Structures are given as structure tokens and as C-alpha cells.
There are 2 protein chains.
Amino acid sequence: MIDKSSPLPIYYQIQEMIRKKMNAGEWEPGDMLPSERIFAEEFEVSRMTVRQAIIELVNEGLLRREKGKGTFVAEKKLEQTLQGLTSFTEDMKARGFEPGNILNYFRETQASSDAAKALNINENAKVYEMQRIRLADKEPMALETTYINANLIKGLTEEHAGKSLYQYIEKELNLKIGFADQTLESAVAGKNEAVLLNIKKGDPILWISRLTHLQDDTPFEYVKSAYRGDRYKFSIHMPRDEHSS
Amino acid sequence: MIDKSSPLPIYYQIQEMIRKKMNAGEWEPGDMLPSERIFAEEFEVSRMTVRQAIIELVNEGLLRREKGKGTFVAEKKLEQTLQGLTSFTEDMKARGFEPGNILNYFRETQASSDAAKALNINENAKVYEMQRIRLADKEPMALETTYINANLIKGLTEEHAGKSLYQYIEKELNLKIGFADQTLESAVAGKNEAVLLNIKKGDPILWISRLTHLQDDTPFEYVKSAYRGDRYKFSIHMPRDEHSS
DNA sequence: TATTTTAGATGGTCTAGACAACTATATTAA
DNA sequence: TTAATATAGTTGTCTAGACCATCTAAAATA
């Protein structure tokens with residue numbers, strides 16, 4: 001497993017081995033890894049070398065160590081980052097609301113003009129399109145329309161509307177999600193939004209558009225959400241770099 | 001300098017020592033630090049212990065190492081973060097507008113109710129309060145009201161309204177800026193905003209509130225901005241963690 | 001039975017070296 | 001003078017231990 005004559009550092013080889021086992025699902029979140037001493041014995045290396053491998057993975061957030069207990073596979077960052085930042089469900093829970101959904105429609109269709117532009121595809125290219133009313137404590141909070149590039153994300157069904165789309169993409173399709181760009185702008189409700197959100201025409205709404213990309217920068221999902229201005233505030237924390245004098 | 005009998009780990013003490021010297025300006029960006037062996041000899045500790053201190057500082061971005069050459073103080077990232085993210089001037093330049101200001105007033109007064117609440121001070125505590133109309137290509141873009149805790153940030157004058165407040169705080173007062181929390185919400189313009197922003201009553205506006213904190217978590221600045229909904233979109237990039245399987 | 005003690009396992013810190021890889025400088029040979 | 005070579009100094013990697021602090025579970029005790 002470990003090649004001591006390789007030009008690759010031993011600690012690096014151990015790192016890669018651990019990464020692989022985690023990716024293969026052999027070690028799952030919460031699982032305890034063999035102790036440093038066991039690793040050292042197994043690979044016939046010094047414990048410090050094992051530690052060097054593990055410390056880096058801990059810094060990356062892949063592993064978690066607890067003194068006196070052991071080293072564990074960390075919970076997936078998946079939920080913490082994009083998921084946490086973009087999931088309506090998580091957002092509402094964090095605000096103390098009970099999230100809910102009403103699916104207006106789910107269909108496979110041709111891309112509309114703005115969706116095609118955002119997703120960087122032709123106007124007649126196939127997309128999945130769905131519209132949901134997002135509820136918080138059973139009262140409408142947002143009207144959300146999602147467009148997904150059907151040539152990239154294949155095999156999507158109405159079932160996925162309720163579950164985690166990102167999970168499906170990463171686990172089933174084995175694609176890596178990269179980043180998302182959002183824009184926020186203020187507007188007033190038109191007749192359509194007013195009816196669906198149970199507010200009056202001319203009431204303020206917050207338009208949030210999200211364009212989600214794969215790791216290779218290909219956009220695959222375009223979401224337009226109209227949040228009720230009377231119920232929703234968008235919050236953002238901007239940390240200063242730790243290292244700045 | 002290093003207390004081996006201290007309960008604080010030696011590597012941690014070395015870290016703190018290095019941090020202090022950098023903050024004190026004794027070691028400036030680009031400077032080469034004493035080599036690991038020199039440190040080890042000076043403190044009479046093992047070189048591995050010195051390395052543990054340095055490696056963490058490198059991970060934090062404070063130091064930079066080059067094999068065969070040495071360890072150096074990294075360039076600082078001052079302007080990149082908060083400054084870039086919160087400065088109207090920078091924001092407008094990036095959007096291709098020519099930024100401008102009209103100062104409506106600057107005064108030292110007692111904190112209003114919501115400002116006091118945000119800044120976590122008494123309602124009769126002294127604050128600097130200023131209101132500016134922010135222009136983009138000579139046309140109103142936002143109406144901005146700023147409240148600053150006058151007991152924390154002393155000696156502010158009308159002069160500072162046009163210049164960089166953060167620069168003054170960090171360079172002159174020697175305080176460290178920590179982070180900022182922003183909230184965005186949609187609303188419609190009242191009579192006052194409509195007049196000052198040259199729009200109609202009932203037109204959409206985007207309220208952006210920012211609460212800026214010092215490094216010790218003390219809030220010192222509260223800014224309420226009303227952006228014209230027809231001119232302004234707020235953008236945010238959400239990178240996925242590099243390390244996620 | 002319930003509580004306390006103890007033993008064993010874990011990660012956290014540290015040592016006093018070693019050799020490899022890389023960089024810059026000084027020396028030597030063409 | 002120029003090019004090749006040695007040298008010294010740097011970080012990178014690694015060893016084979018050591019002791020400490022914390023946690024868990026088994027064993028001893030009340």
C-alpha cells in the first residue's frame with residue numbers, strides 16, 4: 001500500500017490512501033479511523049509521519065480528532081457550504097420556521113430565453129423546469145423557479161424535487177459541484193407573484209437569482225426566487241482574513 | 001522569552017512571539033525570519049517544535065516558506081477583504097460607474113433607538129452620525145446613513161467622511177477591524193427616500209444594513225443604505241470548499 | 001447494586017538526531 | 001572570462017522513542 005522508495009512522501013501516500021477509502025465509502029462520516037499507532041505499525045513508519053498525514057486532513061476538514069477518543073471521518077462538508085447556504089430548507093430551519101413546499105409543476109421542456117443565457121446553452125436545448133412555492137410555517141415565503149441543464153443532469157424526475165438535488169448529482173451522477181453566484185435585487189410584486197405569495201400587487205419582493213456551477217465551471221442550475229419582502233431578510237457574514245495586520 | 005514550564009505548549013508560545021513581532025512591525029512583509037535551526041538553538045527546543053509553530057502560521061497565510069531559501073513574512077491582505085467588500089467606491093468602480101458623494105450632514109449626537117441597539121450602547125451615548133447620497137455617474141444610487149460609536153472611534157471629523165474610515169481606524173487609532181454582518185431586504189421607497197434618490201414613492205429599494213465589528217467583536221459602525229432597486233443588484237460568490245469529496 | 005478506582009487506549013507535545021532536495025555563493029578548472 | 005564544481009545554508013521528510021492529558025471501560029470497592 002505504501003511505497004517507501006517512491007519519490008512521493010510517505011505522509012502524502014497515507015493521505016491519498018485515506019482519501020480514497022473515504023471516497024469509496026469504506027470509511028463513512030462518523031467512523032473512527034485506526035489510531036495513529038496502528039497506522040504507524042501497519043505501514044512500518046514513525047507515528048510522526050502518520051500524524052503529518054492526518055493533521056493536514058484535519059486542517060482540510062475531512063477528519064476530526066478528539067483527544068483520548070480517536071480520529072473520525074468528519075461529517076460531509078457538502079451540507080455545510082453550498083447546501084447550507086443555498087438550501088431553503090436549512091435556511092428556514094435556522095430561522096426557526098417549519099419549511100414546506102408546494103410543487104406547482106415539474107416538466108422537461110425547452111430553455112426559455114433568460115434561462116438559456118444563464119446556463120449558456122441554446123434556446124431549444126432541453127432543460128428540467130420546476131416551480132415551487134416555498135412555505136415557512138405553512139405561509140408562503142418565496143416563489144422559486146428552477147432550470148436545470150438536462151443534458152448535464154440526466155434522469156431527473158419529479159421525485160428529486162423534494163429531495164436533495166445536490167446529493168443526487170454528487171452521489172448518483174458522480175459530478176462535483178463547484179460554486180454558486182447569486183444576485184439580489186429589490187422589486188415590487190406583479191399580479192402573478194402577488195397571488196402565489198398571498199401578498200398585494202406592488203408589495204416589495206426580493207429577487208434572488210442563483211447560478212450553480214460544476215467544478216469545471218459549467219453552469220448546470222439556474223434558480224430564480226421571489227421572496228416576500230415583509231417576511232424575508234438575507235443575511236451575510238463577512239469575515240476579515242485572519243491574517244491581516 | 002519561552003517558558004518551558006508553562007502549561008502553554010512551546011510551539012504556541014513561539015507562534016505568539018512571531019505574531020507579536022510582526023504586529024509590532026519588527027518583521028515586515030518580505031522579511032526573512034531566522035531559520036528553523038536558529039530558532040531551535042535560541043529557544044533550546046527541538047527543530048520539530050519550531051516547525052510546528054511555523055507550519056501553522058504558514059497555513060494561516062502569515063508566513064511563506066521556500067525550500068532552500070527560508071521563511072518569510074507574507075504580504076498582507078488588508079485591502080482585499082472587508083475594504084473591497086464594503087466600500088461603495090470600490091463597488092461602483094468595479095461596476096464601471098464613476099462614484100460620487102453628496103454629504104447631507106455630519107454631526108456628533110446621541111444614538112437613536114435602533115442605532116443604539118445595533119451598536120450595543122445606551123440611547124444617550126455619543127455617536128457620530130452622517131448621511132450621504134451615493135452617486136454613480138452623477139445619478140443617485142443609494143442613500144446611506146452611518147452611525148459610529150464615538151466612544152470607540154474618537155476624533156472623527158467631517159474630513160473623514162470622504163476618505164477611508166477603515167484606514168483611519170487601523171492606521172491612526174491602531175484598532176483592528178474584525179468582520180461585518182450585513183442584511184438585505186426589499187422595501188418600497190417612502191417620500192423621503194424617493195425625493196433624495198430621485199425616484200417615485202412606492203418604487204422598489206434594497207435596504208442593506210451593515211454592522212461592522214472590531215477584532216474583539218465590539219460593533220463600532222452601523223450603516224443603513226437604501227439602494228435604488230432599478231439600478232442596483234447585489235452579487236455574491238459562494239465558493240465550495242476546496243476540500244469536499 | 002451503585003460508586004470509585006484503575007488500567008489501557010487515544011491524541012498532544014516534544015526530543016535529538018538523520019538524510020534529501022533545493023538555493024545561493026564561492027571556488028576551481030577550462 | 002566563463003563554465004563547471006564544491007560548499008554551506010535553507011526547508012522537507014522521517015525516525016524511534018518519551019511523557020502528558022483526556023477519555024473509556026473494566027475492575028475493585030463500598
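Just so it is clear, the model here is predicted, and its values are computed rather than measured. Numbers restart at 1 for each chain; the letters A, B, ... are given by sequence-line order, proteins then strands.
As rounded to whole Å, 17 Å separates atom P of dT13(C) from atom CG of D3(B). Between the NZ atom of K4(B) and the C1' atom of dC14(C) there is a distance of 9 Å, given to the nearest Å. Between the P atom of dC19(D) and the NZ atom of K67(A) lies a distance of 18 Å, rounded to the nearest Å. Rounded to whole Å, atom C1' of dT10(C) lies 14 Å from atom CZ of F39(A).
Distances shown here put every side-chain N or O of S46(B) at or beyond 4.0 Å from the OP1 or OP2 atom of dG17(C). At the phosphate of dT10(D), OP1 or OP2 sits under 4.0 Å from a side-chain N or O atom of S35(B). At the phosphate of dT13(C), OP1 or OP2 sits under 4.0 Å from a side-chain N or O atom of Y11(B). Residue T49(B) places at least one side-chain N or O under 4.0 Å from the OP1 or OP2 atom of dT15(C). Between T71(A) and dG11(C) there is a side-chain polar atom (N or O) within less than 4.0 angstrom of OP1 or OP2. Of the side-chain N and O atoms in R51(B), one or more sit less than 4.0 angstrom from OP1 or OP2 of dG12(D). In terms of phosphate contacts, K69(A) brings no side-chain nitrogen or oxygen within less than 4.0 Å of OP1 or OP2 of dG11(C).
Interatomic distance, CD of Q52(B) versus CD of Q15(B), reported as 8.0 Å (0.5 Å rounding).
Distances were taken from every side-chain heavy atom of V45(B) (C-beta onward) to each of dA21(C), dT15(C), dT15(D); the shortest belongs to dT15(C).
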Please step through side chain to side chain contact (heavy atoms under 4.5 Å, CB included) for the pair R65(B) and R51(B), ending with a clear verdict. CA-CA 11 Å; R65(B) 287 192 294 182; R51(B) 277 182 71 77; 3.5 Å; yes
Checking side chain to side chain contact (heavy atoms under 4.5 Å, CB included) for the pair E185(B)/Y232(A): CA distance, chi angles, key distance, verdict? CA-CA 7 Å; E185(B) 59 190 307; Y232(A) 190 77; over 6 Å; no
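Ranked by how close their nearest DNA chain D nucleotide is to the 5' end, E36(B) and R47(A) are led by E36(B).
R37(A) contributes a side-chain N or O that forms a donor-acceptor pair with the base of dG11(C) under 3.5 Å.
Within the cation-pi definition used here (under 6.0 Å to the ring centroid, within 45° of the axis), R231(A) qualifies as a partner of F97(A).
At a threshold of 4.0 angstrom between heavy atoms, the contacts of I10(B) are confined to the sugar-phosphate backbone, with no base atom among them.
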